[in-house]
Amino acid sequence: MARSLQETHMAGLPQPQVELIPGCPRHVAIIMDGNGRWATQRGRPRLYGHHAGARRVREIVESCPEFGVDYLTIFAFSTENWKRTQVEVAGLMNLFRRYIIKETRALVESGVRVRFIGDRLRLDKKLTAMMSDLEVATQQNSRVNLTIAINYGGRDEVARATRRLAQDVAEGKLSPDAVDEETLPRYLDTHVLPDPDLVIRTSGEARISNFLLWQSAYSEYEFIDTLWPDFTREEFQLLCESFGCRDRRYGGVKA
Ligand code: FPP
């Protein structure tokens, strides 16, 4: 049985024998939906589902390098999620802080590089300081790239990027003629990441909810019924395997 990344690195042992999935997506993005319903089905408060969802993240992150996924981007809190009750929002913010405290050591030691995307200005200063510290603590890692979207919205990201781009134009650093499909993404939060190859949404909803709007123009999508806290490494593996069979033409025709 494959050891966890943490065990492997901490023990300084050779990497477990892994067989990468042929044609595995290099970058997978996940809309982790269904925590609330999962909790309601068990007669528990919604936050119980979010805690179960947070525990699920580790298993999926750990499986990435074993399958051949180099980048995993997860949607943890959207710019629209502020509309939820104060109790749920505060509970989620507390969960993010707890996640960072609890997982930092394992993430550092298991070779995970963590980045955050989204607008940090509306977030609590203590949380943003912890996010920055985790980014710094893992910046030498390269085994797998985990990007966590918090207070992220695709439209908001494009608007913020455009504001910065317009500022550069106003200051004469960029010519308006130079603004094209190559230039604009350099201003996005995701500027160091490749576009997602596969976007997965759990819980049976078939919409993208403002996630990676620019970046997912040519992504493949999987909308699955499983609620996020029930999403397993095995199901993730099946989706990565099935991606390898897809015919991506990017608007062209088959050669
Ligand atoms: C959507 O489910 C989920 C969220 C808004 C929060 C996602 C957060 C986590 C999975 C846990 C925290 C993650 C990290 C990285 C610590 P929902 O509440 O909309 O579910 P519902 O549609 O069933 O109500």
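Whatever order the structure lists ligands and atoms in, that order sets their numbers, starting from 1.
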*Quick one: ring pair (Phe, Tyr, Trp, His ring centres under 6.0 Å) pairs with a partner in residues 82-125, sequence neighbours left out?*
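Non-adjacent pairs meeting ring pair (Phe, Tyr, Trp, His ring centres under 6.0 Å): F77-W82.
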
Suppose we measure from [atom] to each protein heavy atom; which comes out shortest, and what is that distance?
| atom | value |
| --- | --- |
| atom 10 (C) of ligand 1 | N35 ND2, 3.2 Å |
| atom 17 (P) of ligand 1 | D33 OD1, 3.5 Å |
| atom 15 (C) of ligand 1 | I74 CD1, 3.9 Å |
| atom 3 (C) of ligand 1 | M32 O, 3.2 Å |
| atom 20 (O) of ligand 1 | G36 N, 3.1 Å |

*F75 N/O to ligand 1 N/O under 3.5 Å*: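 No, since none of the N or O atoms of F75 sits under 3.5 Å from an N or O of ligand 1.
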
*Does an N or O anywhere in A76 fall below 3.5 Å from an N or O of ligand 1?*
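A76 vs ligand 1: no N/O contact under 3.5 Å.
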
*Out of curiosity, C240 SG to I200 CD1, how far, rounded to the nearest 0.5 Å?*
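Rounded to the nearest 0.5 Å, the SG-CD1 separation comes out at 6.0 Å.
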
*Roughly how far, to the nearest 0.5 Å, is the CZ atom of R113 from the OG1 atom of T138?*
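Result: 6.5 Å between the selected atoms.
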
Relative to [atom], which among [options] owns the nearest non-hydrogen atom?
| atom | options | value |
| --- | --- | --- |
| atom 4 (C) of ligand 1 | R98, R56, H50, Q41 | H50 |
| atom 12 (C) of ligand 1 | W228, Y99, F96 | F96 |
| atom 19 (O) of ligand 1 | R46, R84, R37 | R84 |

_Determine whether R155 and T79 satisfy the following criterion, side-chain hydrogen bond (donor to acceptor under 3.5 Å, both in side chains), listing intermediate values before the conclusion._
CA-CA 9 Å; R155 289 180 173 180; T79 45; over 6 Å; no

*Verify the distance criterion only: is there a donor paired with an acceptor across the side chains of Q139 and E135 at less than 3.5 Å?*
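No pair is found: no donor N or O on one side chain lies under 3.5 Å from an acceptor on the other.
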
*Would you find a donor on one side and an acceptor on the other, under 3.5 Å apart, between the side chain of H50 and the backbone of L92?*
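Such a contact is absent between H50 side chain and L92 backbone.
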
*asked:* Using a 3.5 Å distance criterion without hydrogens, assess whether the side chain of S63 forms a donor-acceptor pair with backbone atoms of R233.
replied: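 The answer is no, because no donor-acceptor pair under 3.5 Å joins these two groups.
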
*State the atoms of ligand 1, each with its element, that fall below the 4.0 Å cut-off from a heavy-atom position in N81.*
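Contacts of ligand 1 toward N81, numbered from 1: 5 (C).
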
_For A54, atoms of ligand 1 separated by under 4.0 Å from a heavy atom_ =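 So the atoms of ligand 1 that pass are 11 (C), 12 (C), 16 (C).
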
*asked:* Below 30° counts as parallel, above 60° as perpendicular, anything between as tilted: where do the rings of F75 and F211 land?
replied: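 Plane angle under 30°, so parallel.
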
*Under a 4.5 Å side-chain heavy-atom rule over Ile, Leu, Val, Met, Phe, Trp and Tyr, are F231 and L95 clustered together?*
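Same cluster.
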
*Would you say S203 contacts ligand 1, with heavy atoms under 4.0 Å as the rule?*
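Outside the 4.0 Å threshold, so no.
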
